[in-house]
Structures are given as C-alpha cells and as structure tokens.
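To start, the structure under review is shown below, and the notes come after it.
The model shown is predicted, which means the values in this text are computed figures rather than measured ones. Both counts, for ligands and for their atoms, begin at 1 and track the order of listing.
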Amino acid sequence: MNFKIVKISTYTLLLTLFSMFMTNLKTNPKIQSMDNNIAQKVDSLLRIMTIEEKVGQMNLYNGFWDATGPVPEGGDAKTKYEHLRKGWVGGMLNVKGVNNVRGVQRIAVEESRLGIPLIIGFDVIHGYKTISPIPLAEAASWDLKAIEQSARISAVEASASGINWTFAPMVDISRDPRWGRVMEGAGEDPFLGSRIAQARVKGFQGEDLSKPNTIAACAKHFAAYGFAEAGREYNTVDMSNAKLFNTVLPPFKAAADAGVRTFMNSFNDLNGIPVSGSKFLQRDILKGKWNFNGFVVSDWASINEIIYWGHAKNKKEAAFIASRAGSDMDMEGHVYVQELAELVKSGEVDEAIIDEAAGRILRVKFELGLFDDPYKYCNEDREKNLIGQKSHHEAVLDMAKKSIVLLKNENNILPLKKEGQKIALIGPLANDKNSPLGSWRLASEDHTAVSILEGMNAYTKNKLSYAKGIDLFEGQVAFTTHIKINTDNKNGIEDAINIAKDADVVVMVLGEHGFQSGEARSRTKLDLPGLQQQLLEAVYNVNKNIVLVLQNGRPLTIEWAAEHIPAIVEGWQLGSQTGNAIAQVLYGDYNPSGKLPMTFPRNVGQIPIYYNHKNTGRATNREGNVFWSHYIDKENSPLYPFGHGLSYTTFEYTNLKVNTSDYSKKGKVAISVDITNSGQRQGREVVQLYIRDKVASIVRPVKELKGFELVELDVNESKAVSFHLTENELGFYNNDGAYILEPGNFEVFVGGSSSAKLKSEFSL
Ligand code: BGC
C-alpha cells in the first residue's frame, strides 16, 4: 500500500465527525452504514485539504500520451504534470491502457501531498475495443437484457484497460434526425429511453461499483441537448417546462433512480441560460428534487462556453456562475483550477460550494474503491485476457442481430436462399471494415469490423459477385474531421450494372459512413449521401429484385426506395460483427425482430416528426377545404413510424381486455391481449402498449408508449401478454414540474408499432 494512502486512513481514524452534506441515506441499514462510512471519510479528508486541493478535485484534464515518458517542453502537458503533482487534478479523460493509466495515477498518488487517486474517464459509448452496435441501433432491439449485457461487456473491457468511469449512457431524447448525435441515444421516446437508460447504467455499474470490472456511468447531456434548434449541433434550446419534464427529463430521472453515479451537463442553453450555469437544472432539479448524491461533470470546456454564449464576462465569472449552479467538475476547461480558489479567498464563492462539489467527487472515488487500491483497474493480465475475448464478440453479434429492423419485405424476397441463388452485392459500404465501427469507437482499431462482403461470403454457397459501384468518400476519414463525399466520380457504376443484370437478387448496401453521424455531424439533407441514389436507380433499371441494406446513424429520408425497392433492411452501424449479423438476417438464420426507436420522415421538411405529437385543433379535413393542419405538398404521416419493424413471420393481436376494477384498491389498471404467430416461422415480437389521455389540463399526445414486452412464438403459437398501468404511467407533469394524475377517459392501443389500431377505452 502506498504511504500516502496510509496517511489518509490515519487521518480518517483520527477524525470521526459526520458528514453534513451527504444527506441521501438509504433505508437499508447496511447501505446506510456504508453511506455514513463514506460520508465520514469524505468529510475527514476535506478537513485536511487546502482550498487549492479541493478545487483540484473539481478539475478534469484531458490526457497526454507520454504519461510515462519525459515531460514535453512547455505547453499544456507541462502544466498538467505540475498540477498532478500539486494535487490539483481530480481526474483525467482519454488516458487509456494500463501502462498509461498507471503512469498518471502514480504521479497523483505518489507525488502529490495527499496522494488522492484520480478518476479515469473515457467515452465508452458503444463498446471499448470490441465494438457493439451504435446506441440507437441497440435501442431498436427493445431488448433490455441484451442492452444491459452490451454495456457490461464495454465495462469489462474498459476497466481492464485502466478506466473506471464512462461518459455514457447518453440519454438525450431527440425528435430531430438532422442532429447527428441521435446515433448515440435511444431515440425519440421517453418511456423506451428511460428503460434503456436504466439497463445501460446497470450494465456499466453492475451490482458493486468497487469491483474491478465495473465502472461509474454518466447520464448525459443534462439537459435538453437533443432539442438543439433546427437539429444544428450545439444550438440553442427553448422549451416549456411541461415538455422538459414529460419528454426530456424522464430518462435522466430513470438513470438517477438506477443509481447512476455521475451526470454530464450539456453545450446548449435552455431558455436563455447556458446549461453549465443552470441552477434550475443542476441544483433545483437534480440535486434538489431528485436528491442525486453523485457529481456533475461539465461537458468539454462547456463552462468556458458560458462566456461565448454571452452569459459571463470572463473566466472568473464563468467559474462563479457554474460552481454556484452545481457543476461540480470542469472538463478540460481550466477555468475552475485557474479561478475558483481566488473566488473563495475573496469571499465571492462560499467555500461550502467547493466542499460540496469536491465531496461528491471524492465520494464516487471511495465507492469505486480507489482509496483502497488506486491501481485496482491496472492489471496487465486482465488487460491481456479480457479485452476482445471470444465471448465478447459472440455477445456483440447477438446484440447486432437483435438491432436490425426489417422495414419492408414485399413478396417475401427475404430471406435469401442459401443455395442456388445468384447474388450481386453492390455498394461501397458493403466492403467497408471501418464505417460499421460507427462514430464513438475511440479505443478500437480502425478497419476491424467484419464487412458485409466478408460476412456474406463466409456464410453461403451462393455465387456472390461484388461491385462497389461508386466511392462514398475521398481521402481519409477521422473522428475529428469532415468527411469528403464523392459527388462526381461515377466510374464504377457500369460494373455494378453488369453484375446486377444477371443476378437473381441484388443486395445493395447504402447509407452513411460511420463518421457522418455523431457529434458535430448535423445534416440538412437526410438522403443517401453522394452518388448512392444515382447508383440505386441505375441498378434498379436493370434489376428490380433489390434488397436494400441501410447503414446509417440516424433515420434517413428514403422515400424513393420505400416506393420502389421490394425489401429494405435497417442495418445501422452494427460494430465489430456487422457482416456476420447482416448475413444471418439476410439468410434467415435470425428472424429480424427490431423496431424503430425513431420515426423515419418522408422528407426533411416534416422534421420534427414523432409519434407522440399533439392532436391540434384541426387534425382532420372536416369540411373539405384547406383549413386543417397539413402540408400542401406531402402527407402528414411518416415514411416509417416509431415502433415499426417486420419479421419473416406475421403476428396477430386479438382479445384486448382492460380491467379497472382493481384500480381503486391497488392502483392498477390491468390490460391483456393475445398474440399469435400466424406465419410460417418462429419469431420474436415486441408487443407495444400505448395510451391516450383524452382530456387533460395540459394537452396530452395522441399516443404515448407505456409498456412493451418481448415475446417469442413458434408457428401457430399464441400467448397472452399482460400489462399494468399505474399512476406512474397515467399521470403527467404540468408546467410547474409537478406530477399530476387526473381522472377521466383514456384510450389504450396494443400492437406491433405506434400505428397499432387494436384499441379499447377505460375511465378513471
Ligand atoms: C461530448 C461528450 C463527451 C466529451 C468527452 C464532448 O465533446 O459532447 O459527450 O463525453 O466530449 O469526450
């Protein structure tokens, strides 16, 4: 054990005063005593820290790659080394690998006065080295167990690499596919989003945060980032409290309830207040109403951005505003470390604010077990053996298959036959081993996904010919730079036409490159980028038997394809095992079961388009004139609704029953429905339940998802599925942020998508 650690525990023994700020004691006596214990330790530690050291805990630095090597001359890295030695750094991000993590940890633990260990953060968003499907794709599985397992695997790999904190899950609800970050969330629905948020938190954090294979999760971006105006990244957000509480906050609340240890705030403003400086969100709601006792980290330099928003004059004022508003940790902004100690000394910021923030951060470090062993996550054997292991690849393959959504399948063109079919595979993305890794794959190796070409070749005795058709992009691609899309070189189209001509079926893989969605990837057009539409139509002219496999990080506007192409498979970016997953679905060894977590618009002009919209006062064309809520050039309906997804079999829903008799006693409305597999194959269906509150003091949506259940059915098999609606599902938030339950009439719909027609009613 390190001597500095001994020093802390000696102080801990000497100082026994109880914490005054850790108030969220649980009812379980064991947990309560653990909480008390940590609170005491934190309190004891704070008492021996200087103001600079406490502010230091609030300082999160980005890494540098020579952590174990010589100090570079001048510049940032030198300052960071000095600050580490002084104990002015609470954590680091983007330091990965046991060797590097040990390097920075050693400086903090062995060279600083108190030896307080660092928390080590990283964007483990969809896998660490073994890459799982992008989060939006995983959401399409509606499979909470699989999603939890996927996060678990990420945590095992990341923690084996020295990391103990992930900046995930992103739980931002968004209704705007122009916003590139929809790939990172769970889509448009607060109910589904909440369940998925909880599954991911559980997966990352496990049952016991102090185990070496669990990591602290971070619910981000708090809040309303997904409503950036016009879908433009980092843009402004203005919304009512009712929308904030009913649509944006539920997944954050769910993450908090699941015990998420950290929150990250966001780059946007909310109703004029840059969120990093929002007391309303961070203190009043999160730490107040929700009693959250972990810590809040800023987004990357977002405290500095309070200045650029025009809400603070300078860094000093930004530090003043953000710390008082409840932003506990400054990510790579250097604002707190430069300004906060002085602000306390001059009396402008109360030291209690610093104690509270540093205390929250120290608490999470205690929970992670870092004070018992700061090198807990630094073990070469674990790093060597756990990362990229076979079982992880099997699990991400399973996740990938479950994430695929069959959008259309006319005349049962799918599944393909395993033998005796001549298949032409066309499209630049079919032979791409890099794009399927998606946007947030910081720890993976480029070009390591199984491509669709590889997956299909390995899978079948069919004669498979391949032509790329066109190049999707020119030059290099990277996380930090724009991709240059090819818009003029059509050289390969002839080859594609030639192989398509005499094929029985053409499989075309088209869509976005993995680096066309994600952070800072907003688009104003959502069609197939570059020359892909042209390629699709050229091939269609010679062979109409096309299966279109989409690769994308967001809903696309594919109206032409939806009209002309007989089969469309939503294949997202599915991570390391992409090609194998797609091949298994196309050949029918996995019967697709995914359902869209986000509406597909017909065109960009319909955006924002989402299933849980309000009715308006003029929803139908009652009088045959123009004066109703519609467009003159396009229908209101989406191309594919939320919850949509087909199977190679069919399901029938019957016998919907609602029973309110228990409501007065047990507070439950019981709903049941029968579902039958009426097709020719075994299959898996996501049974979805929606309600509509007909009359309310705040207008309610035409439909709201309030339950779902995954059901596996053999051919001709039937099952009864039941749901319970309680006050948690039947009420809503008003504009004061108060949750209210109003008596009245409700409709209930059950089916396989948000356009479910099977309906019943009940009154409370
Ligand atoms: C993103 C966050 C991310 C952070 C650290 C920011 O630009 O908005 O989601 O966690 O960078 O990499």
Main-chain N/O of [Y] paired with [X] side-chain donor or acceptor, under 3.5 Å:
X: Glu233; Y: Ala520; value: yes
X: Ser150; Y: Ala146; value: no
X: Gln551; Y: Glu512; value: no

Can you sort out which atoms of ligand 1 are near [X], meaning under 4.0 Å from one of its heavy atoms?
X: Met264; answer: 2 (C), 10 (O)
X: Phe167; answer: 10 (O)
X: Lys220; answer: 2 (C), 3 (C), 9 (O), 10 (O)
X: Asp123; answer: 3 (C), 5 (C), 10 (O), 12 (O)

Is any N or O atom of [X], backbone or side chain, closer than 3.5 Å to an N or O atom of ligand 1?
X: His221; value: yes
X: Asn94; value: no
X: Tyr225; value: no
X: Arg181; value: yes

Heavy-atom pairs closer than 4.0 Å: do any link ligand 1 to the side chain of Leu93, the backbone, both, or neither?
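Side chain only.
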
Q. Any non-hydrogen atom of Met170 lying under 4.0 Å from ligand 1?
A.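 No heavy atom of Met170 comes that close to ligand 1.
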
Is the distance between the ring centroids of Phe167 and Trp440 under 6.0 Å?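 Distance test on ring centres: not under 6.0 Å, no.
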
Hey, are Arg261 and Glu367 close enough for a salt bridge, meaning a charged N less than 4.0 Å from a carboxylate O?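 Yes, Arg261 and Glu367 are salt-bridged.
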
Please report the C-alpha distance between Tyr61 and Val104 in whole Å, then the side-chain angles of each, then the deciding distance to 0.1 Å, and finally whether the side-chain contact (heavy atoms from CB on, under 4.5 Å) criterion is met.
CA-CA 11 Å; Tyr61 273 151; Val104 290; over 6 Å; no

